[in-house]
Amino acid sequence: MADSTADLVILGGGSGGYACALRAAELGMAVVLVEKDKLGGTCLHRGCIPTKALLHAAEVADAARDGDQIGVKSSLAGIDMAGVNSYKDGVVGRLYKGLQGLVSSRGITYVEGSGTFVGPNAVEVNGQRYTGRHVVLGTGSYAKSLPGLEIGGRIITSDQALTLDHVPDRVVVLGGGVIGVEFASVWRSFGAQVTVVEALPRLVPNEDEFASKQLERAFRRRKITAKTGVKFTGAKQTDDSVTVTLESGESLEADLLLVAVGRGPNTAGHGYEEAGVTMDRGFVITDERWRTNLPGVYAVGDIVPGLQLAHRGFQQGIFVAEDIAGLNPATFDDSGIPRVTYCEPEVASVGLTEAQARERYGEVQTLTYDLAGNGKSQILRTSGAVKLVKAGADGTPGPVVGVHMVGARVGELIGEAQLIYNWDAYAEDVAPLIHAHPTQTEALGEAHLALAGKPLHTHG
């Protein structure tokens, strides 16, 4: 078997892997990047980018349908899924071409093929062995299903949902997490009847309870049915429909069943366990600097327990490259990573939920600012709110440890919110900052003004 050596060999060209490769090459390392599918991984091809393109098309559909409410004579004639998919694929294609150019311009050796990690410090692919002073594992994730639930026909995951050539009339979405509510939102905007089934007591169960209630209220207004706290028991399909049965005894008939029960680590068949990498339920276990138990071997992205977010993978990849280069970068934890669910309305948060904050600090103070008082939100005709969670009881000093927002476009506010959390800011630090008017960022400013004891555009 032929062998070649490099400073760094990376198995997986998704968000974490390619970010690590780009930064490492920038720092002067010889880098080999191995990817079995397409550079960019799930995020670019089957996740973040194509789903958000669909969500933008859904936003345009809603705007066309509701134009007369703001004096614009418009109507929605229908959804051309061929056109929607062409738009979506065009966005993905342009980003993919740009990423390929970036990798090529940095002098990275890009290897196409399914790689196997061979301890202690090599990856084998297509009969070639690539040995590195350091190895980074970043093989991403896959769409999970449930035991006994076979994917095929009218039972699909997000992978198949992204390539549908039609809008289904009736859809059941199994799972009320991020993926489930985003697709529910898209299909409702496209005109489908949508029912979301979630076994836990509320939608987006990893978010603050406030956000779940706001989203459930908004979904009811949009006539999206949410059945929470009820378990799925089975599904049977015919040529014409699929029937979903619930533990409550209820049956739901639909044209499609979307299985959106989360994503699992894509680690099987890559040689990790055989090489002695410490694993837990398929995940690769690392320390706070993303080092595995094997010397010189790191892991990043969705195969590491924690938030499965592309921007988490990006940052981990950059961190690992700088760590290997001896730059001693500052580590970070998941609570400081911004989280956005891009349904309508959007849900955005950073830091701790109120429940988590009470567990950590004992007493906390919360403040909720309704978007009804925000001029730009009124212009956008969105409802929602901003909730702040402060460490310490009312009247005592303490940093803001959680920011939770629901409303149209609130994902665009999360940049400032993450600075507030990650810099341990107090409400008194944020209150004097000037926010442009009229913008939704003012809602963050108003919330901090109120928490600091000097409310302006608030009642009561």
Side-chain angles (χ1 to χ4, degrees), residues 47-48 50-70 74-81 83-85 87-88 154-158 160-198 202-205 207 211-228 230 232 241-242 244 246 250 252-261 340-348 380-384 406-411:
C48 320
T51 56
K52 278 54 184 180
L54 289 182
L55 282 155
H56 179 62
E59 181 183 10
V60 172
D62 287 334
R65 184 187 291 111
D66 300 335
D68 62 343
Q69 297 180 16
I70 57 174
S74 64
S75 61
L76 181 64
I79 303 296
D80 172 17
M81 281 307 300
V84 170
N85 286 329
Y87 154 71
K88 165 180 64 68
R154 295 181 178 273
I155 302 174
I156 64 174
T157 70
S158 57
Q160 294 81 43
L162 285 169
T163 59
L164 282 183
D165 59 2
H166 68 286
V167 178
D169 291 329
R170 304 162 300 167
V171 186
V172 172
V173 177
L174 181 57
V178 173
I179 297 170
V181 299
E182 288 188 351
F183 273 101
S185 189
V186 166
W187 281 324
R188 183 60 192 141
S189 295
F190 285 174
Q193 296 177 18
V194 182
T195 301
V196 182
V197 176
E198 171 56 55
R202 52 193 178 88
L203 297 181
V204 287
E207 295 290 340
S212 296
K213 289 179 178 178
Q214 290 273 336
L215 182 61
E216 287 165 5
R217 189 178 304 130
F219 270 20
R220 282 195 296 272
R221 286 196 295 268
R222 296 188 62 196
K223 295 182 171 53
I224 297 173
T225 301
K227 295 183 180 293
T228 56
V230 59
F232 163 89
S241 65
V242 56
V244 178
L246 307 179
E250 186 178 5
L252 305 171
E253 189 173 296
D255 301 301
L256 283 178
L257 169 62
L258 172 67
V259 182
V261 293
V340 184
T341 303
Y342 295 89
C343 52
E344 173 52 43
E346 291 182 352
V347 178
L380 294 174
R381 304 177 69 251
T382 185
S383 60
V406 179
R409 305 185 187 179
V410 294

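As a basis for the values below, the full set of heavy atoms in this structure was taken, side chains included, without hydrogen atoms, waters or symmetry mates.
Nearest approach of Ala211 to Val347, heavy atoms of both residues: CB-CG1, 3.9 Å. When all heavy atoms of Ser241 and Arg170 are compared, the pair lying nearest together is CB-NH2, 4.2 Å. When all heavy atoms of Ala348 and Val410 are compared, the pair lying nearest together is CB-O, 3.9 Å. Ile179 and Ser158 make their closest contact through CG2-CB, 4.0 Å (heavy atoms, listed as atom of the first residue, atom of the second, distance). Summarising the geometry of Val196 relative to Gly176, their closest heavy-atom pair is CG1-CA, 3.8 Å, with the distance given to 0.1 Å. Asn85 and Leu162 get closest at one heavy-atom pair: OD1-O, 3.7 Å.
Note that the CG atom of Leu55 and the SG atom of Cys343 stand 8.0 Å from one another [nearest 0.5 Å]. Taking CD from Glu344 and CD1 from Ile224, the interatomic distance works out to 9.5 Å, rounded to the nearest 0.5 Å. Interatomic distance, OG1 of Thr157 versus CG of Leu174, reported as 12.0 Å (0.5 Å rounding). The distance from atom CD1 of Ile155 to atom CD of Gln160, rounded to the nearest 0.5 Å, is 11.0 Å.
Residues that satisfy the salt bridge (Lys or Arg N to Asp or Glu O under 4.0 Å) test with Arg217, not counting sequence neighbours, are absent from this structure. Residues satisfying the side-chain contact (heavy atoms from CB on, under 4.5 Å) test with Val178, not counting sequence neighbours, are Glu182, Thr341. Residues satisfying the side-chain hydrogen bond (donor to acceptor under 3.5 Å, both in side chains) test with Glu216, not counting sequence neighbours, are none. In terms of the side-chain contact (heavy atoms from CB on, under 4.5 Å) criterion, residue partners of Arg154 (sequence neighbours excluded) are, by chain and number, Gln237, Val242, Asp255, Leu256. For Arg409, the salt bridge (Lys or Arg N to Asp or Glu O under 4.0 Å) test picks out Glu59, with sequence neighbours left out. For Arg202, the side-chain hydrogen bond (donor to acceptor under 3.5 Å, both in side chains) partners at least two apart in sequence or on another chain are Ser212. For Phe183, the ring-ring contact (aromatic ring centres under 6.0 Å, His included) partners are Trp187, not counting sequence neighbours. Remark: Glu250 engages Lys227, Leu246, Ser248, Leu252 in a side-chain contact (heavy atoms from CB on, under 4.5 Å) (not counting sequence neighbours). When the side-chain contact (heavy atoms from CB on, under 4.5 Å) test is applied to Thr163, no partner is found at least two apart in sequence or on another chain. Partners of Ser383 according to the side-chain hydrogen bond (donor to acceptor under 3.5 Å, both in side chains) rule, which considers only residues two or more places apart in sequence or in another chain, are Arg221. The side-chain hydrogen bond (donor to acceptor under 3.5 Å, both in side chains) check on Arg222 picks up Ser185, Ser189, with sequence neighbours excluded.
Listed for the Asp165 side chain is no donor-acceptor partner under 3.5 Å among the backbone atoms of Met81. Checking side-chain atoms of Lys52 against main-chain N and O of Gly47 turns up no donor-acceptor pair under 3.5 Å.
Checking each of Val194, Thr225, Leu203 against Phe219 for a side chain to side chain contact (heavy atoms under 4.5 Å, CB included) leaves exactly one that passes, namely Leu203. Shown are Ile79, Asp62, Leu76; of these, the side chain to side chain contact (heavy atoms under 4.5 Å, CB included) with Phe190 is made only by Ile79.
Side chains of Leu258 and Val172 form no contact here, defined as non-hydrogen atoms less than 4.5 Å apart. Within the 4.5 Å cutoff, no side-chain heavy atoms of Asp68 are placed close to those of Ser74.
Listed by first and then second residue, the salt bridge (charged side-chain N to carboxylate O under 4.0 Å, His left out) pairs involving residues 185-195 amount to none (not counting sequence neighbours).
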Exercise. Where do Ile70 and Arg381 land on the side chain to side chain contact (heavy atoms under 4.5 Å, CB included) test, with the steps shown first?
Worked result: CA-CA 10 Å; Ile70 57 174; Arg381 304 177 69 251; 3.5 Å; yes
